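I have placed the structure first, in the form of structure tokens, so that the comments after it can refer back to it.
The shown structure was predicted, so the numbers you read here are calculated from the model rather than taken from an experiment. Both counts, for ligands and for their atoms, begin at 1 and track the order of listing.
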Amino acid sequence: MSVINRFKILEKFQPQAAKMILNGILSERISHAYIFEGPKGTHKLATALLFAQRLLCLSPLEDHEPCGTCSNCIRIEHNTHPNVFLVKADGEQIKKDQIKNLIYEFSRLSVENGPRIYIIDEAERMNQDASNTLLKQMEEPLSDIYAVLLTTNANALLKTIVSRSQLIHFKPIARHLIKATLLEEGVPPLASNVIPEYTNNIDEAKKIAESKDLMSILESVIELYAISDKKTESMVIRFKEVSDKILTNTATMDFFLTLMILYQKDLLNLKLRHLDQIVYVSEMQELERITNKVSQKTIQSVLEKMLALKTRLRYNINYALAFDLIIAQLERGML
Ligand SMILES: [Zn+2]
């Protein structure tokens, strides 16, 4: 589970969503069904579990936070509380039987006291039968049963399901918050600065930071620029040495190219003295050294070629050749 276990932490990432859910709890007007809509990596599931903790916590704190330490809070965090059901797609779809099983569970006396909460992850994957079955359940809500549907697109759900639910929007998480989270988790400052420029999905950002392969691509970008103006070393040869890990698949190529583009943009921003926009802050000396030698025109022209290649990555081009060319162009410009 994600690190969120308090509304005051959630408020930092999703202030509006936190406020709406808390207001419901404080005014004792909790909706029987919520839809959390937002892109991937915006803490929707963590928030649903936090909501469940708040409803089942045995000793909520004075500020209405779940305590996080009682047996209910802990079991919810570990996904072992019998009153909290999480439904995930079985393959591509969420099928009717999965929803029927859920409803069957509710029809039985619960093993433990207290409200029961079901969470449907990627609810847009419910097929027609599953949606209709769920709708029937929602039309006759049982007391003390709460639904939280998570989705990237509420328009893909049955309108009649949406109209019976409180819709809460989750926004992409701001760059500085992703950066702060990575730093808190011990990710080095360089990677913590660069990764949020690549993704605003907090889970993906963490995965990238944990990936040895991707972090080694970041190192390669730094190395390539470090030798970019050295006549004794060749960027083209150095690139060939590391190209296996870069040309693995379109994701690794895209990551490498994006990091190169960010570096190239840094050079341009430094030329223009837009210092607050520099991403590779820890490489400032290196950036200064290169910009002192290379013209703005050259920096711009290579940047344009990189951006053009990024568009072409979607097509089935000869990647190895295209990358060799761009590195050669870069090297020619730098010397
Ligand atoms: Zn608790």
Side-chain angles (χ1 to χ4, degrees), residues 1-38 40-88 101-123 137-138 141-151 165-171 173 177 180-181 184-186 202-203 206:
M1 194 182 96
S2 188
V3 286
I4 288 185
N5 51 14
R6 290 279 196 281
F7 280 102
K8 59 174 175 282
I9 300 176
L10 179 68
E11 253 167 1
K12 197 169 79 176
F13 294 99
Q14 297 292 349
Q16 275 184 318
K19 201 175 162 198
M20 282 178 82
I21 299 164
L22 263 181
N23 280 349
I25 292 168
L26 299 183
S27 61
E28 292 181 355
R29 281 157 64 179
I30 302 170
S31 174
H32 270 279
Y34 288 94
I35 295 172
F36 293 173
E37 181 196 44
K40 284 192 173 151
T42 48
H43 289 314
K44 297 191 297 286
L45 179 58
T47 306
L49 293 170
L50 172 65
F51 172 71
Q53 279 185 329
R54 178 58 188 81
L55 294 188
L56 283 161
C57 179
L58 299 170
S59 49
L61 307 178
E62 271 178 26
D63 54 3
H64 302 281
E65 296 276 11
C67 73
T69 52
C70 70
S71 70
N72 280 355
C73 282
I74 286 171
R75 282 185 297 165
I76 292 168
E77 187 172 335
H78 295 134
N79 242 322
T80 56
H81 198 295
N83 286 24
V84 181
F85 305 84
L86 177 60
V87 179
K88 280 175 179 270
N101 283 343
L102 188 70
I103 293 169
Y104 173 70
E105 285 294 330
F106 297 148
S107 68
R108 304 193 309 171
L109 222 55
S110 62
V111 188
E112 299 207 20
N113 291 334
R116 288 185 282 182
I117 300 105
Y118 63 95
I119 301 163
I120 303 184
D121 196 13
E122 296 184 294
Q137 149 70 24
M138 289 174 93
L142 298 159
S143 66
D144 248 11
I145 290 186
Y146 300 91
V148 186
L149 276 54
L150 316 180
T151 182
S165 312
Q166 186 179 358
L167 183 60
I168 297 184
H169 296 287
F170 282 62
K171 300 207 167 117
I173 294 169
L177 290 173
T181 307
E184 269 167 31
E185 303 210 341
I202 201 152
D203 297 327
K206 286 181 194 173

Exercise. Rounded to the nearest 0.5 Å, what separation is found between the CD atom of E105 and the CG atom of N83?
Worked result: 10.5 Å

Exercise. Would you call E112-R75 a salt bridge at under 4.0 Å N-O?
Worked result: yes

Problem set entry | Under the side chain to side chain contact (heavy atoms under 4.5 Å, CB included) test, residues paired with Q137 that sit two or more places apart | I103, F106, Y118, L142, I145

Problem set entry | Ring center gap for F170 and F13 short of 6.0 angstrom | no

Problem set entry | Q16 and K171 side chains, donor-acceptor separation under 3.5 Å | yes

Exercise. Among protein atoms, how many N/O/S atoms lie less than 2.8 Å from the Zn ion (ligand 1)?
Worked result: 4

For this session: Identify whether the distance between the nearest side-chain nitrogen and carboxylate oxygen of K206 and E185 falls below 4.0 Å.
Result: yes

